Asker: 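The structure follows.
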Amino acid sequence: MRSGPTLLFHCGTGSTLTAPVHGFLDTTMAELDGLLESGQRALDLAVTCVSRLEESGFFNAGRGAVSQADGVVRRDVGAMDGGTLKALGLSQVRGIPKMARLVAALLGQSDHVHLSGQMVERWAERHGWFLEARAEKEDPTFLWDARSGQAGEGTVGCVVRDSKGNLAAVTSTGGIGRMWPGRIGDSPIVGGGFYADNEVGAISMTGIGEAILKVGGGSALLFLLGNVCEGEKDRVVSDFLDRIKSRFLGVAGFVGIDRGGQPFAAHSSERMVHGIVRKDFRQVREVGAGFFPVEPS
Ligand code: ASP
């Protein structure tokens, strides 16, 4: 069972499984199930999954992204292909809700692992992307103050292991509440908010980016999991979350697939909508920690 194609997604720390969200996710998971079965590549599947979540407007990514403290929406995204090891993060991009599609289009165009802001917008414009009219105006009264930076809700992310055993991860966000203009969290940082290597595992993070980056990012958890036996994994996952909370004072959550193909998801926030799609099996839940215990019957 463990080696079959698997897709996991999350809708960010603090996300709630309301009836409309549940309905939307049921439909989306049915679509993803079909794509998983048809043998699509891990990266394509992860991009499609995150694109659907971005388009829905339910979450703090894509259409639903929140503005920074100066009233402007700047989005971040990251994607990595665990087979080719191509990785790219884009940060502080304005006017483009389809961030997962954008990073997929840019992945592999250069060896760079991070691009930011205006020049990404310019690249997109040159390559036929439509930049939405930026209705929002920068707040001229904005002042940099220490109140900025509160927990956000609704970053989205996905990890996939496809039928050939390739892994991929994609994470997309509008950031956290009241953040300073220009602030970048973990989501678009390779090894921070997203990571995939067929030999190591795949992970997509959510939570307070500052705390996640200080603990060493999501890839640190994958490396830790690679060094322990099966019975120890639950403890390693919860120690990692406890450390982020107690030492770096941030909530966090993630979905991942370890190098043995085992799916896991956990969070230290009150809620985190997350789900799994495998052959003939789909499940979405709002709370829950540790390794997905349920196997298809
Ligand atoms: N990790 C994201 C950030 O810090 C926010 C989130 O996941 O809620 O930008």
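The first residue in the sequence is number 1, and the count goes up from there. As the structure lists them, so they are numbered: ligands from 1, and atoms in each ligand from 1. Not measured: the values here are computed from a predicted model.
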Asker: Among Gly175, Gly209, Gly207, which residue places a heavy atom closest to atom 2 (C) of ligand 1?
Answerer: Gly207

Asker: Please say which of Leu221, Ile276, Asp234, Leu8 ends up in a side-chain contact (heavy atoms from CB on, under 4.5 Å) with Phe264.
Answerer: Leu221

Asker: Which ligand 1 atoms, with their elements, are less than 4.0 angstrom from a heavy-atom of Ser187?
Answerer: 1 (N), 2 (C)

Asker: To the closest 0.5 Å, what do you measure between OG (Ser187) and CD1 (Ile212)?
Answerer: 7.0 Å

Asker: Regarding ligand 1, does Glu210 bring an N or O atom to under 3.5 Å of one of the ligand's N or O atoms?
Answerer: no

Asker: Measure the shortest side-chain to side-chain distance between Arg74 and Val93 over non-hydrogen atoms and say whether it is less than 4.5 angstrom.
Answerer: no

Asker: Give the atom numbers and elements of ligand 1 that come within less than 4.0 Å of a heavy atom of Asp186.
Answerer: 1 (N), 2 (C), 3 (C), 4 (O)

Asker: Under 6.0 Å from the CD atom of Glu270, do we count more than 12 heavy atoms belonging to anything else shown?
Answerer: no

Asker: Is it true that Lys98 and Glu55 have a side-chain N and a carboxylate O under 4.0 angstrom from each other?
Answerer: no

Asker: Which of the numbered atoms in ligand 1 are under 4.0 angstrom from any heavy atom belonging to Thr206?
Answerer: 6 (C), 7 (O), 8 (O)

Asker: Assess Arg183 for proximity to ligand 1: is some non-hydrogen atom of it under 4.0 Å away?
Answerer: yes

Asker: Just to verify, which of Val113, Val190, Leu102, Leu115 counts as forming a side-chain contact (heavy atoms from CB on, under 4.5 Å) with Leu88?
Answerer: Leu115

Asker: Within the structure, does Thr173 bring an N/O atom to less than 3.5 angstrom of an N/O atom in ligand 1?
Answerer: no

